[in-house]
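Reading through the C-alpha cells given below for one structure.
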Amino acid sequence: MKRRDFLKKGLGAGVLAGAFLKVSGFGTLSAKPSNPAKPYDLVAVMGGEPAQMFDKAIAALGGMAKYVKKGQTVIVKPNIGWDTTEELGANTNPKLISQIIMHCLNAGAKEVFVFDNTCDAWNRCYSNSGIENAVKSAGGKMVPGNTENYYKPVSIPKGKRLKEAKVHELILNSDVFINVPILKHHSSAKVTICMKNLMGIVWDRRYWHRNDLHQCIADFATWRKPDLNIVDAYRVMTRNGPRGVSQADLVLKKSLIISNDMVAADAAAAKIFGAEPADIGHIRIAHEMGVGNMNLDELNIERIRV
Amino acid sequence: MIPQVMQKLFTLRTLRRFIALIFLLLFGFAFVDFSGTLSSDFIQGLLYLQFTPSVIKFITVGGIAASGFVIVTLLTFLFGRVYCSMLCPLGIIQDIAARVRFKKPKYVYLKPWNLIRYISLFIIVSLALLGSLFLLYTFDPYSLAGRIFSDLIRPIYYGVNNLLVVILGFFNSYALHHVDFKGMPWQGVAITGSFAALLLFVAWRWGRIYCNSICPVGSFLSIISRYSLFRIVIDEKTCTACNRCVRTCKASCIDMEQKTIDFSRCVACYNCIDSCNAKGISYRFALKPIKNSKAKDVDTARRSSLAILSGFAIGALSLGRINMLFAQNSGQGRGKGNRKAGAVFNERNAPITPPGSYNQMDFLNACTACHLCVSVCPTHVLQPSISEFGFWGMLQPHMDFHSGFCNFECTKCGEVCPTGAIRLLELETKKRVQIGKAKFHRANCIVRVDRTECGACSEHCPTKAVKMVPWQGLFIPEVDEDICIGCGACEYACPTEPYKAIYVNGNTDHLVAELPEQIDDAPRESNIDDFPF
C-alpha cells in the first residue's frame, strides 16, 4: 500500500468512525449497558419535567415502597439555602419535592418532614423558594432548622478532620432519610451535590471551612448514608454558584439522578455538570475512604430518555 | 333612662382606657413580633399619629403620610392632650405602672414646672437643629417606648416563645419555632433598662411627672392645650371641694384652692370626671382660656411658646442641611478576642447604615432610635450602636455584620421606618445601593494561613463581587468593589477568628453599584443531548 493511500484510507475511516460516534452519541456508545436482572446502582433520567423524571426513576428502582414502609417517618432534605425563586435555580425544584412527598405518603409514610439549615434568612428561603407551599400542598411538614438547639451532637468515628458535628434532631429521629440536592456550581467546593448538601443538616459550618472543607465533607459522608439520594439537575447553575446572580448562570439540562450511593450520584452529576469526578476534592476523598464508588463504569446504571 | 351602672361603664374614661389598651397591645406587638404578622402598611398606619417621627418624616420626606403631627396638634387644640393618654405608648405604659399597687394612688396638686419643661424643650429642639437628635430621641416618648419593647420586652417574648417550643417538642410538634435574641449589645439593654426603671418608678410614685417636665412632645402640646376649645372645668357652684378629683389627677394639675385646672398639664385621662359625685367637674366647650392665677407663669409660657414655634419653623427648613456637629463619621469594627500574631485588625473607616438611608448624616439626623427596624429585621443585622457613631449617636442602629447580613431580597426596614431615616426603596434599586465596600485582608484568610480551600465569602455574595481566583494551586477571594453592595454576607460568613479576612467599610455617602456582567433573564439551552457517562 502506498503511503498516500494509507493516509487516505486511515483518514476516511477516522472521519467515518467519528461521524458514527457523533450520530449515536459517544457517551452511550462507550458506556456499559445496564443489566435489568440486577438491581440498579444508579438511575439517570433526561429530557423530562422534574416530577415526571422522578416517577420514571423511582419506578426503575422498584418504587418508593422499597424505601418507605408503612407507618414510618421520613425526612426529606432539599437545598433551600437561598432567598431566591425557583427560576434562579439556587434551591431544589419545588415540584420535585412535592412529588417525592406524595410518593412517600402513598407508600404509607406516617409523616414527611422537610427542613434545611439555610444561608439566607430561613423563613424567607422557605417561602420564596416555593418549597414551603409545595411541601404543605403535598401533605408534608415544613420544620425549622434555624437555631442551634435543634441540633444534637454526634460523633464521626471514621472522620479524619471532622470528628464530631451537631446534627438536626429530625435526621436522628426519622426512619427514612431522603437527600434531595440540586446540582450547582460552588465557589468553595467546586460543585454542590449529595455530600455537600449534607452541610445543611449540621449546625457549625464555619468549622468545616476552617478545617479543610473537602476533607470535612468527605468525613461527614462516612457518618450516615441517606437511604436515597435524588439529584435535581433540571436547571443547572454552571457558574456564580452556589447562590447565582441571574438566570444567565443556568443551563437547562433537564436531568435527574437517583441512587443510594452518594459518591456515585455525585460522580454522575459532576459529569452532567461538565467536571471529572476525580477533579472534585471531596468526591475523590470520599471514594478513597470507601463511602461509595465514583467509577461509573463499574456500576449498573439505568439510563432513561424521556 | 340608662341605668346608673351603664352610665358608669360608658364614660370618657372607659373610652380612653379602651383605645389606649388596644393601641398599646398593637404597638407592643409590632415591636416584639418576629414572624411579620403585621404588614408593613399596617405598622405605618399604626404609627401615623406618633408625633416626633411624624414631624421628622415631614421634614425629611414630606407628604400626606407625614401629616400625623398636624392632626395631633389639631386634636390638642380641640380637645386637649388626648394624644398623651390614648396614643402615646410611653404615657400608657406609665398609667399601667401606676396601677400596679394594692390601694389607689393619692395624688396632690403641684405647681407647674414651666421653667424646667420649656427650657428642656428649648435645649432639645436647639440641639436637634444643631445636628444631633441625641436628646430628642433619648426623651421622645414614642422612641423610648419603642426601645422598651424592642430591647427589654422582646427578649422576654422570645423566651416565652422558646419555652412553648420546648413544651410543644414533647408532643413532637413543630408548630412554633425557636428564635434567638442575638446581636443586641448588653450596653443597649442596660441603657434602655435603666431609663425604663427610673421612668416607671417616677410614674408609679408621682404619676405623669415625666410628661410635664422633660417630655418634648408633652411640653410642645402643652403650649397648644392652653388654648384648647374643649376643656375640663370645675363648676364652682356644685363643687363641694371634696378633693376626690385632686387625688385621682395623675398630672397633679387640679388646684382646689383656686378651683382651677392647669389644662396645659392635663393629659385628658378623665379620671377626675368619673371621680366626682357632685357633678362639680366636667368636660365642655370653653372658648375663653381660663386665666392662670399667676401672670408670671403665663408670660414664661408665651415667651417659650414663641421661641419654640419659631424653632420648629426654622427647623423644618434647615434640619438635614446643617452639618453634624457632634456625631462622628468614623467607627471601628468590633473584633472579638485577642489579637493573633500576624492577624490584621478590621479597622473600618466608617460604620454602615442601612440601604435607604442615603448617607450617614441624613440617617443620624432623622433616626430617633425607636428600634422598630431592629425588631423587624429578619437577619438581625440591624443593631443599636454603642460607640460606632460616637456618643451623640448612641443607640441609633447600624449594620452589625457579626450578628447577620443584609438580606439581598429584603426591604423590610425601609417599609416600617416611621421617621424617613430609612426610606423605602424599590427592591431592584435596593439591590444596587452600595452601603459599603468589602475589603479583603489576605493575611487573615484561611486559604493563605492554612493552605486549604474555603470560599465561604464568595459563596454568600449575592452579586459575585467576591470571586475565587487561582492562587498557588488553590483559590483565594478577590473583590470587585464596583459591583459590591456592602451587604456584609462575606464578612458574616468568613470563618476566621478573631479578625475576619474580609469585612465591609461603610460608605458615608451611599453609592450605586455597577451591575454584574452577564445578567440575563433566561437560562441557556443545554448543549449535550445524551448522558455523559
Side-chain angles (χ1 to χ4, degrees), chain A residues 25-28 31 44 46 83-84 87 89 113 119-121 123-124 128 141-144 146-150 186-189 205-207 209-215 235-236 238 240-243 245-255 267-268 271-272 274 281 296-297 301 303 305, chain B residues 34-36 162 165-166 169 172 174 176-180 377-380 404-405 407-410 446 450-464 466-468 475 477 483 489 493-497 516-533:
Chain A
F26 173 75
T28 315
M46 185 180 272
D83 175 14
T84 59
E87 292 71 32
F113 298 107
C119 296
D120 280 337
N123 32 16
R124 296 186 62 104
N128 295 344
K141 271 192 184 156
M142 212 61 200
V143 173
N146 58 316
T147 54
E148 191 171 1
N149 60 328
Y150 292 113
H186 198 279
S187 54
S188 320
R205 291 187 286 232
R206 282 186 192 156
Y207 181 89
H209 278 278
R210 276 198 300 270
N211 293 278
D212 191 347
L213 184 63
H214 284 286
Q215 184 64 51
R235 292 185 182 88
V236 177
T238 55
N240 287 339
R243 193 189 198 283
V245 176
S246 77
Q247 292 197 41
D249 300 328
L250 310 180
V251 177
L252 266 183
K253 300 237 178 185
K254 295 196 173 182
S255 307
K271 287 263 195 183
I272 288 181
L296 296 173
D297 32 341
I301 298 177
R303 300 169 181 82
R305 302 288 306 262
Chain B
F34 50 80
S35 320
N162 293 346
V165 172
V166 172
N172 287 321
Y174 287 97
L176 296 178
H177 60 84
H178 193 96
V179 266
D180 273 343
C377 177
T379 63
H380 304 288
F405 59 91
N407 199 89
F408 194 51
E409 308 277 338
C410 173
I446 292 279
D450 293 347
R451 304 266 155 184
T452 98
E453 303 275 10
C454 175
C457 48
S458 171
E459 193 178 314
H460 282 70
C461 179
T463 64
K464 275 289 175 276
V466 185
K467 274 205 185 71
M468 302 305 286
F475 285 86
I483 59 171
C494 179
T496 59
E497 283 171 338
E517 277 174 52
Q518 300 173 313
I519 281 210
D520 213 340
D521 53 5
R524 290 166 286 155
E525 283 302 319
S526 177
N527 52 2
I528 54 160
D529 50 7
D530 205 350
F531 299 101
F533 46 81

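Chain identifiers are assigned alphabetically (A, B, ...) following the order of the sequence lines, protein sequences preceding nucleic acid strands; residue numbering begins at 1 within each chain.
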Query raised in the report: Relative to chain A, which of B/C410, B/P523, B/G455 shows the most heavy atom pairs under 4.5 Å?
Result: B/P523
Query raised in the report: Tell me, side chain or backbone of A/K141 under 4.5 Å from chain B's heavy atoms, or both, or neither?
Result: neither
Report task. Mind listing the closest non-hydrogen atom pair of A/M46 and A/S255 along with its distance? Result -> CE-OG, 3.6 Å
Report task. Measure B/D450 against the heavy atoms of chain A and call it side chain, backbone, both or neither at under 4.5 Å. Result -> side chain
Query raised in the report: Side chain, backbone, both or neither: which part of B/T452 has a non-hydrogen atom closer than 4.5 Å to chain A?
Result: side chain
Report summary line: Heavy-atom closest pair (B/I446 atom, B/P495 atom, distance to 0.1 Å) is CG1-CG, 4.1 Å
Query raised in the report: Which region of A/Y207, side chain (C-beta onward) or backbone (N, CA, C, O), has a non-hydrogen atom less than 4.5 Å from a non-hydrogen atom of chain B, or is it both or neither?
Result: neither
**Report entry** Shortest non-hydrogen contact from A/L252 toward B/S526
**Finding:** O-CB, 2.9 Å
Requested in this report: Check whether B/A493 gets within reach of chain A through its side chain, its backbone, both or neither, counting any heavy atom under 4.5 Å.
Outcome: backbone
Query raised in the report: Can you tell which of B/G169, B/G404, B/P378, B/A456 has the highest number of heavy-atom pairs within less than 4.5 Å of chain A?
Result: B/A456
**Report entry** Contacts of A/T238 that satisfy side chain to side chain donor-acceptor pair (under 3.5 Å) - sequence neighbours left out
**Finding:** B/R524
Query raised in the report: With a 4.5 angstrom heavy-atom cut-off, which part of A/R243 approaches chain B: side chain, backbone, both or neither?
Result: both
Query - Closest-packed option against chain A by number of heavy-atom pairs under 4.5 Å, given B/E459, B/E409, B/R451 - result: B/E459
Query raised in the report: With only heavy atoms counted, which part of A/H214 is less than 4.5 Å from chain B, the side chain, the backbone, both or neither?
Result: side chain
Requested in this report: Under the side-chain contact (heavy atoms from CB on, under 4.5 Å) rule, collect the residues that match up with B/C461, sequence neighbours excluded.
Outcome: B/T463, B/A465, B/V466
Report summary line: Taking every heavy atom of A/I272 against every heavy atom of B/F533, the minimum-distance pair comes out as CG1-CE2, 4.0 Å
Query - Result of checking B/H178, B/H380, B/H177 against B/F34 for ring-ring contact (aromatic ring centres under 6.0 Å, His included) - result: B/H177
Report task. Please state whether the side chain, the backbone, both or neither of A/N149 comes within less than 4.5 Å of a heavy atom of chain B. Result -> side chain
Query raised in the report: Measuring heavy-atom distances to chain A, does B/V166 have an atom under 4.5 Å in its side chain, in its backbone, in both, or in neither?
Result: neither
Report task. Answer yes or no: is there an ion pair linking A/R303 with B/D530, defined by an N-O contact shorter than 4.0 Å? Result -> no
Report summary line: Minimal heavy-atom distance between A/S188 and A/L213, with the atoms involved, is CB-CD2, 3.4 Å
Report summary line: Per-residue tally against chain A (heavy atom, under 4.5 Å) across B/H460, B/E525, B/E453, B/M468 peaks at B/H460
